[in-house]
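Note: hydrogens, waters and symmetry copies are ignored here, and every other heavy atom, side chains too, is used. Naming convention: chains lettered A, B, ... in sequence-line order (proteins, then strands); numbering from 1 in each chain.
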Amino acid sequence: MEDKYKPQELEKKWQKIWEDKGIFKVTEDAGKKKYYLLEMFPYPSGKIHIGHVRNYTIGDVVARYKRMNGYNVLHPMGWDSFGMPAENAAIDHGIHPATWTNENISYMKKQLKEMGFSYDWDRELSTCEPEYYRWEQLFFLWMYEKGLAYKKSSIVNWCINCQTVLANEQVEAGQCWRCSTEVEEKYLDQWFFRITDYVEELLDYCDKLPGWPERVITMQKNWIGKSYGCDILFPMADGNGTITVFTTRQDTVFGATFMLVAAELPLVMDLVKGKPIEHEVREFVEKVKKQDKLMRTSEYYEKEGMFLDAYCLNPLTKKKMPIFAANFVVAEYGTGCVMAVPAHDQRDFEFAKKYNLPLLVVIQPHNKPLNVSTMKEAYVDEGMLVNSGQFNGMENLKALDAIASYLESIGRGKKAIQYRLRDWGISRQRYWGAPIPILYCDTCGTVPVPESELPVILPREIELTGAGGSPLAKYDAFLKTSCPTCGNTAKRETDTMDTFVESSWYFNRFCSPHCGEKPGLDKQKVHYWMPVDQYIGGIEHAILHLLYSRFFTKMLRDYGVLDFDEPFTNLLTQGMVCKETARCKEHGYLFPDEVKDGKCTRCQSEVTIGKSEKMSKSLKNVVDPDYLIKNYGADTVRMFCLFASPPEKDLEWSDQGVEGSFRFLNRAWRIVIDCLEDIKHVTPFDGSRDIDGDLKNLRRKTHQTMRKVTRDIEDRFHFNTAISAVMELVNALYLMERPARENTTALSVIRETIETIIILLAPIVPHITEELWTALGYESNLADVPWPSYDNEVAAEEEITIVIQVNGKVRSRIVVSADEEATKIKDLALNDEKIMNYISGKKVLREIYVPKKLVNIVVQ
RNA sequence: GCGAGAGUGGCGGAAUUGGCAGACGCACUGGACUUAGGAUCCAGCCCGCCUUUGCGGAUAGGGGUUCAAAUCCCCUCUCUCGCACCA
């Protein structure tokens, strides 16, 4: 047994033992309770970053904790390996995406192994492999057959110079990130998944996920955005057709004085066709399309519009309403047309003022009557209807239903429900993604690839330039094929699928990762393991990934593949890892190792330390896990990640904090080594003999620590307070006087404390604890040692401190026996020397006693 | 902008249900040990006043509810995440 703690040596040793013994491999075991713990799998971007380390450490602690509690734990890891960065690396450095990706995977796998995570590596999967995506292509075919996958025209960011589609993150200030050309919008025919078919169930089940954080549920509900309202038909003034709008404010329909149409809607150009203003309107539309969508719908953005030389009629007032194209109307929501009620909607108000359009008040507030000529802003609150025909005098909220019914009765509208959620666009005009299994035949049209021909394999031999549209479209060996129906020549679909598709079902695949039978998921195995008992990942995935996964689960359930409704029973969303930034005048942001003694190592100029921000490559405020493992060992890194803050909050990185964690492990190591000779031959105290004084106190503290750590992990994953509690116990042990060698009772109490410290720390720092465990003479894997159960009686305090307040201010404290009666405590409080000074000569109005906590005496 | 969160000493954080604000750690200060200390052990450590006992203030800022508020309510400010082609 080494006297000095040498993490690098012992961590390697234990990692090898775990791997050789295969102790983290699992199979279905009907006799054991299962626990499926899953962390969001990473995109193999090159190296593991601290955010991953934090995420996977949290998961590993829970996995190991559950295992020690007797569960059959599934804890897999894999790679979300399709995606844009691989394609960018290929364009920038000439490396094939597959090569780049696989090299990253092998490096990151090595890093994860060095962290000592308890993964069953036999279940590793990589989504860019045909064995994985072939099943996704099968699901696509099923969905196509049922109309859940369909094609429609939609807008993409288009760089005219690169002749390629740009992701939102490739657009910087309205320009292409590669060539700085102004980005345009372009319509393309694209594939969609009909997630809106499941919108009601997705919404309903939000309330059936008690294990999810409330804020994630709220965000999902808001994203779905169900609103109750009314579709209203506005006939064109010239009698040619109608414009339909969706509104939740049909109570204001009498106040609608003009009509707004989203500028990019085809209706706009239809209305002005052949009119003198056609050219001008076209220019306006092109301009709006170039405006940033987020910006132009914001409250403060200049509202712009253009009269289309057309009118429709208000269905209730019969008044003529001029029709405008506008930049602030969202084309994708509702019908893309909005009835403008300038008196009661701020955006419409601003628009009306700018273009001199009439206002009509239809809701009067109860306190102050509105006057159109003096209104400075729209009145958006409640009130009584006026200027609204037979509805005058009604409260506006009560009129909602009445007006909807009336519109329905005269055939001018009907009650409607609108969702904000749109169908999921999955087409990507990129190479590094799963091919969509569709063919286009001149005679037969759109033809699905027959199941027997799956997978449609992504070809390797391809040149990537970043320009000229989809690389697959230029590669004839892939593109040209024959139609399975008629045998004529056909072209393959060259769009690939959004990478969110892979991550929407990978958790099922982990249950039977090598299953080669249709549909790639072994029903019995999936039934045993799914749903995921605890899912852990970054808060940044609160909406899209989680919503898509929920949708995919329900969809696969309806095809009979799955037998549950929701994939993730419990969800933990962890916060970001942040660190202060450093920059110098000459070189901009600096990596931590480019700063020495407050100076830039390259130019010796003064370094400015900025505020703490999310770690990112661009800000260079990153720390290298390799460096940390090499210098401190994985256990220290794990410990710091857990100790620095609770998982759901952002973590502030601190190099000194890492030192502190390292020091604690050394301290724990030393106390065990120091006691080792003495306690080697005693058994842990079992309570069969009487103890008192310091020994009794130590044992109480030991059991209190078991209770605290168990609750902190079990109830709320607060590892930081769990670690604090163990630190306190270690401190208490240091302060104990070392008993004589023959005092076996005392030594056995100390042994109980030391074993407790080791076991409680085992899920957190698995290597050092395994080493110490064997030093105590044990042989079995610490990973399978049962979690300790505490004795509440031993943990119970004998005496408690009662705080005495006068008028809410603490004035004294008394120590009483834990079971002292309330009346006696109140009596002691009133007769306390210090308290009497405060209350003498005053009238005692009330006495409040909070059991076992405090007495508050209210005096006048 | 919209939606969702967060804000506590010099720093990270604790206070689980409205009940002693500051556990634990870092940094700092002092002491012990030592050839040495950037090791270790022990102690001090929110701010102000009184050299003690003590008194007052303090949980982003302002207001409110309550015997009692870091915690609940309202307003303001700052920061973080998401906003549909980053994953």
- Message: Checking A/Arg178 now: which residues fulfil salt bridge (charged side-chain N to carboxylate O under 4.0 Å, His left out) with it, not counting sequence neighbours?
- Response: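 Per chain and number, A/Arg178 pairs via salt bridge (charged side-chain N to carboxylate O under 4.0 Å, His left out) with A/Asp92.
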
- Message: Show every salt bridge (Lys or Arg N to Asp or Glu O under 4.0 Å) that has at least one partner inside residues 636-646 of chain A, sequence neighbours left out.
- Response: A/Asp60-A/Arg638

- Any donor-acceptor pair under 3.5 Å joining the side chain of A/Asn856 to the base of B/C67?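 Indeed there is one.
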
- Message: Under 3.5 Å, is there any donor-acceptor pair linking the side chain of A/Gln170 to the base of B/C85?
- Response: no

Think [X] has a side-chain N or O under 4.0 angstrom from the OP1 or OP2 of [N]?
X: A/Arg716; N: B/A15; value: yes
X: A/Arg813; N: B/C20; value: no
X: A/Tyr734; N: B/C41; value: yes
X: A/Asn222; N: B/A4; value: yes
X: A/Arg422; N: B/A84; value: no

- Do A/Glu39 and A/Met77 come within less than 4.5 Å of each other through their side chains, counting heavy atoms only? yes

Under 3.5 Å, which protein N or O atoms sit close to an N or O of nucleotides 52-55 of chain B? Give each pair with its distance.
unit_1: B/C55; atom_1: OP1; unit_2: A/Tyr838; atom_2: OH; d: 2.2

Spacing of [X] atom [atom1] and [Y] atom [atom2] [to the nearest 0.5 Å]:
X: A/Ile536; Y: A/Asn55; atom1: CD1; atom2: CG; value: 6.5 Å
X: A/Leu642; Y: A/Thr721; atom1: CG; atom2: OG1; value: 11.0 Å
X: A/Phe640; Y: A/Arg54; atom1: CZ; atom2: CZ; value: 9.5 Å
X: A/Ser227; Y: A/Tyr419; atom1: OG; atom2: OH; value: 9.0 Å
X: A/Ser126; Y: A/Glu502; atom1: OG; atom2: CD; value: 10.0 Å

- Message: The criterion is side-chain contact (heavy atoms from CB on, under 4.5 Å); which residues satisfy it with A/Asn807, sequence neighbours excluded?
- Response: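 A/Asn807: side-chain contact (heavy atoms from CB on, under 4.5 Å) contacts with A/Val858, A/Val859.
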
- Message: Checking A/His545 now: which residues fulfil side-chain contact (heavy atoms from CB on, under 4.5 Å) with it, not counting sequence neighbours?
- Response: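 Per chain and number, A/His545 pairs via side-chain contact (heavy atoms from CB on, under 4.5 Å) with A/Met40, A/Phe500, A/Ser503, A/Tyr506, A/Tyr535, A/His541, A/Ser549.
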
Contact class for [X] vs. all strands (heavy atom < 4.0 Å): base, sugar-phosphate, or nothing?
X: A/Gly425; answer: sugar-phosphate
X: A/Val156; answer: base
X: A/Lys708; answer: base

- Query: Can you name the residues that form a ring pair (Phe, Tyr, Trp, His ring centres under 6.0 Å) with A/Trp424, not counting sequence neighbours?
  - Reply: A/Phe193, A/Tyr548

- Task: Taking atom P in both B/C50 and B/G1, compute the distance separating them and give it to the nearest angstrom.
- Result: 48 Å

- Query: With rounding to whole Å, what would you report as the distance between B/U66 and B/U71 at their P atoms?
  - Reply: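 After rounding to an integer number of Å, I get 16 Å for this pair.
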
- Message: Stem list for RNA chain B, please, built from Watson-Crick and G-U wobble pairs under 3.5 Å and keeping only runs of at least 3.
- Response: B:1-7 with B:77-83, B:10-12 with B:24-26, B:28-32 with B:40-44, B:46-49 with B:54-57, B:60-64 with B:72-76

- Message: I'd like to check the side chain to side chain donor-acceptor pair (under 3.5 Å) partners of A/Gln163; sequence neighbours left out, ordered by chain and number.
- Response: none

- First encountered from the 5' end of RNA chain B, between A/Asp715 and A/Asp80: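 Here A/Asp715 is the residue nearer the 5' end.
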
- Item | A/Gln805 vs A/Phe500, nearer the 5' end of RNA chain B by closest nucleotide |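 Looking at the nearest nucleotide for each, A/Gln805 comes out on the 5' side.
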
- Between A/Tyr132 and A/Trp505, does the ring centre distance come in under 6.0 Å?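 Ring centres of A/Trp505 and A/Tyr132 closer than 6.0 Å.
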
- Item | Check: A/Tyr133 ring centroid to A/Phe82 ring centroid under 6.0 Å |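 Yes, close enough.
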
Under 3.5 Å, which N/O atoms of the protein pair with N/O atoms of nucleotides 75-81 of chain B?
unit_1: B/U80; atom_1: OP1; unit_2: A/Lys611; atom_2: NZ; d: 3.3

Could you pull out the protein-nucleic contacts involving nucleotides 5-8 of chain B (nitrogen or oxygen on both sides, under 3.5 Å)?
unit_1: B/G5; atom_1: O2'; unit_2: A/Arg215; atom_2: NH1; d: 3.2

- Item | Ion pair A/Asp832/A/Arg813, N-O distance below 4.0 Å | no

- Nearest to the side chain of A/Arg670 - B/C41, B/A87, B/A84? B/C41

Output a table of nitrogen or oxygen pairs between the protein and nucleotides 43-49 of chain B separated by less than 3.5 Å.
none

- Message: If I take atom NZ in residue A/Lys809 and atom C1' in nucleotide B/A58, what distance separates them, rounded to the nearest angstrom?
- Response: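 Between C1' of B/A58 and NZ of A/Lys809: 11 Å.
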
- Task: Take nucleotides 23-29 of chain B nucleotide by nucleotide from the 5' end and write B, S or -, depending on whether a protein heavy atom sits under 4.0 Å from the base, only from the sugar-phosphate, or from neither.
- Result: BBSSS--

